[in-house]
2 protein chains.
Amino acid sequence: MKKTIISYALALAGSAWLLQYVQYTYNVRVLPTEAYVLIIALLFTALGIWAGRRLSGGAVTETFRRNQKALDYLGISNRELQVLELLGKGHSNQEIADRIFVSTNTVKTHLTHLYEKLEVNRRTQAVKKAHDLQLIP
Amino acid sequence: MKKTIISYALALAGSAWLLQYVQYTYNVRVLPTEAYVLIIALLFTALGIWAGRRLSGGAVTETFRRNQKALDYLGISNRELQVLELLGKGHSNQEIADRIFVSTNTVKTHLTHLYEKLEVNRRTQAVKKAHDLQLIP
DNA sequence: AGTGAAATCACCCCTTCGGGTGACGCATCG
DNA sequence: CGATGCGTCACCCGAAGGGGTGATTTCACT
């Protein structure tokens, strides 16, 4: 992180210096201004892409966005989604039941429906599929 | 994609034009050359970051990199990792056993050890933790 | 007013999982 | 040589999960 910033600053300073050097040492403008602008622009675009990857690509700051379309398509209800979320956190049926104030039977019913809609037959598979479909983080 | 490229080209052309405009219309260089370089650099750095995100950020091409350090720290063996991977795919003990040609008892033993090392007591939690620790994709 | 989906709960039966214990062969390391 | 860790397998038991059926209430839509 710190290294990235320092490298970037050095690259920036170096480029500025290089431009000055070329312009003042040879005292000629071999290329029109547009060309310089283009070169600098391309150079720093590349640097920007690289810096962007280093700075934000590594740390996964990406916020979770639920795939509402898939949710609708599969016909998963609110309550079922709620159960699915707790499922994804690794809770047992009993824990889920306690957390949403229903009996384990109800949780089982919701899960059965979820398994049908997700076309799976185990909770682990349900979690995996829900995760792949971006239904849960 | 196409829109991104076009927008980018427009931004680039616009910036070049703006520079020309400022320089030739007022016929004065209110700022030293370094400042211009800096402005252009910063501008296109930002544009580069933005373009980078649009072009490659959307498609998650990010390849999975196993967290070897965590693996070593937790003392998870090769065989255990193999079981963990199949676990993460939502397989049952029987399926895992068939896939690696051992008995379900062996799978259970591996899992028991994994639960201890990952400090969990359910397969779903194990999958979640392994996923969080980047032990499995 | 009637239909249907969602949500709730119950009971049964069977499979799967998890925890505990014990055992054996094999390799590596001191 | 003995200790340690890994991989393998077995048996037991209780808890958890999964499949099936059936039932009630509530609420929205028609």
Side-chain angles (χ1 to χ4, degrees), chain A residues 66-133 135-136, chain B residues 66-133 135-136:
Chain A
R66 173 157 289 122
N67 186 351
Q68 190 62 44
K69 249 186 267 183
L71 218 53
D72 294 344
Y73 175 70
L74 296 173
I76 292 174
S77 71
N78 290 339
R79 205 59 162 163
E80 285 164 358
L81 179 59
Q82 199 177 358
V83 172
L84 187 56
E85 280 177 349
L86 293 169
L87 193 68
K89 292 181 181 169
H91 294 299
S92 69
N93 289 354
Q94 184 62 59
E95 286 169 347
I96 296 174
D98 292 347
R99 210 146 307 206
I100 64 176
F101 305 107
V102 295
S103 79
T104 58
N105 295 305
T106 307
V107 173
K108 282 185 56 177
T109 305
H110 287 317
L111 284 180
T112 301
H113 292 156
L114 278 170
Y115 296 157
E116 285 168 1
K117 292 171 182 176
L118 290 172
E119 296 175 293
V120 298
N121 42 25
R122 265 193 291 287
R123 55 172 49 215
T124 42
Q125 291 181 342
V127 170
K128 185 179 184 305
K129 188 139 190 181
H131 192 266
D132 289 349
L133 290 174
L135 303 182
I136 54 176
Chain B
R66 174 158 286 124
N67 186 351
Q68 190 63 43
K69 249 187 265 184
L71 219 53
D72 294 345
Y73 175 69
L74 296 173
I76 292 175
S77 70
N78 289 340
R79 205 57 163 164
E80 285 163 357
L81 179 59
Q82 198 177 359
V83 171
L84 186 57
E85 280 178 348
L86 294 169
L87 194 68
K89 292 182 182 170
H91 294 298
S92 68
N93 288 354
Q94 185 61 60
E95 287 168 346
I96 296 174
D98 292 346
R99 210 146 308 204
I100 63 175
F101 305 107
V102 295
S103 79
T104 59
N105 295 305
T106 306
V107 173
K108 283 185 54 175
T109 305
H110 287 317
L111 284 180
T112 300
H113 291 155
L114 278 170
Y115 296 156
E116 285 168 1
K117 291 173 182 176
L118 290 172
E119 294 173 295
V120 297
N121 42 25
R122 267 194 289 286
R123 57 174 45 217
T124 42
Q125 291 181 343
V127 170
K128 185 180 184 310
K129 189 140 189 180
H131 192 266
D132 290 348
L133 290 173
L135 303 180
I136 54 176

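Proteins come first, then strands; the chains are lettered A, B, ... in the order of their sequence lines, and each starts at number 1.
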Atom pair distance, as rounded to whole Å: [atom1] in [X] and [atom2] in [N]:
X      : N      : atom1 : atom2 : result
B/N93  : D/dC11 : CG    : C1'   : 16 Å
A/E116 : D/dG18 : CD    : P     : 13 Å
B/K108 : D/dC12 : NZ    : P     : 12 Å
A/L111 : D/dA16 : CG    : P     : 15 Å

TODO: Look at the side chain of B/K117 and the backbone N and O of B/G75, then say whether any donor-acceptor pair between them is shorter than 3.5 Å.
DONE: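 The answer is yes, because a donor-acceptor pair under 3.5 Å joins these two groups.
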- [ ] Using atom types as modelled and distance alone, determine if a side-chain donor or acceptor of A/N93 lies under 3.5 Å from a backbone N or O of A/T104.
- [x]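 Not confirmed, A/N93 side chain does not pair with A/T104 backbone.
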Nearest 0.5 Å, what's the [atom1]-[atom2] distance between [X] and [Y]?
X      : Y      : atom1 : atom2 : value
A/L111 : A/T106 : CG    : OG1   : 10.5 Å
B/T109 : B/L114 : OG1   : CG    : 11.0 Å
B/L87  : B/Y115 : CG    : OH    : 5.5 Å
A/K89  : B/T124 : NZ    : OG1   : 13.5 Å
B/Q125 : B/D132 : CD    : CG    : 11.5 Å
B/I136 : B/K129 : CD1   : NZ    : 13.0 Å

TODO: Any salt bridge (charged side-chain N to carboxylate O under 4.0 Å, His left out) involving residues 90-106 of chain B? Give me the pairs, sequence neighbours left out, ordered by first then second residue.
DONE: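 As it turns out, the salt bridge (charged side-chain N to carboxylate O under 4.0 Å, His left out) pairs with a partner in residues 90-106 of chain B, which skip direct neighbours, are A/R122-B/E95.
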Task: Strand-adjacent residues in residues 67-84 of chain A, judged by heavy atoms under 4.0 Å from DNA chain D - done: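 Correct list: empty, so none.
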Looking at every non-hydrogen atom in both residues, tell me the closest pair between [X] and [Y] and how far apart they are.
X      : Y      : result
A/L71  : A/R66  : CD2-CD, 3.7 Å
A/L133 : A/A70  : O-CB, 4.5 Å
B/Q82  : B/I100 : NE2-CG2, 3.6 Å
B/L81  : B/I76  : N-CG2, 3.9 Å

Task: Relative orientation of the end axes in the helix from C/dA1-D/dT30 to C/dG30-D/dC1, expressed as an angle to the nearest 10° (five pairs per end) - done: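 The value is 50°.
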Task: Residue closer to the 5' end of DNA chain D, A/T109 versus A/H91 (nearest nucleotide) - done: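 The residue mapped nearer the 5' terminus is A/H91.
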- [ ] Assign B/T106 to base, sugar-phosphate, or nothing according to its heavy-atom contacts below 4.0 angstrom with the strands shown.
- [x]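 Counting heavy atoms under 4.0 Å across all strands, the contact made by B/T106 includes a base.
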Open item on the list: Run B/K128 and B/V120 through side chain to side chain contact (heavy atoms under 4.5 Å, CB included) and show every step you take.
Closed with: CA-CA 10 Å; B/K128 185 180 184 310; B/V120 297; over 6 Å; no
Open item on the list: Please give me every residue in residues 96-105 of chain A whose heavy atoms get under 4.0 Å of an atom in DNA chain C, ordered by residue number.
Closed with: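 Nucleic-acid contacts, sorted: A/V102, A/S103, A/N105.
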Open item on the list: Near DNA chain C, counting only heavy atoms under 4.0 Å, which residues of residues 120-131 of chain B show up?
Closed with: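 Contacts with DNA chain C under 4.0 Å: B/N121, B/R122, B/R123.
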Task: B/D72, CG: over 12 other non-hydrogen atoms inside 6.0 angstrom - done: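 Correct, the count exceeds 12.
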Task: Short side-chain N/O contact from B/H110 to OP1 or OP2 of D/dC9, under 4.0 Å - done: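 Result: no.
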Task: First-last contacting nucleotides on DNA chain C - partner chain B, under 4.0 angstrom, heavy atom - done: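 Going 5' to 3' along DNA chain C, contacts run C/dC17 to C/dG19.
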Open item on the list: Can you tell me which nucleotide in D/dC6, D/dC12, D/dG19 comes closest to the side chain of A/Y115?
Closed with: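 Between D/dC6, D/dC12, D/dG19, the one nearest the side chain of A/Y115 would be D/dG19.
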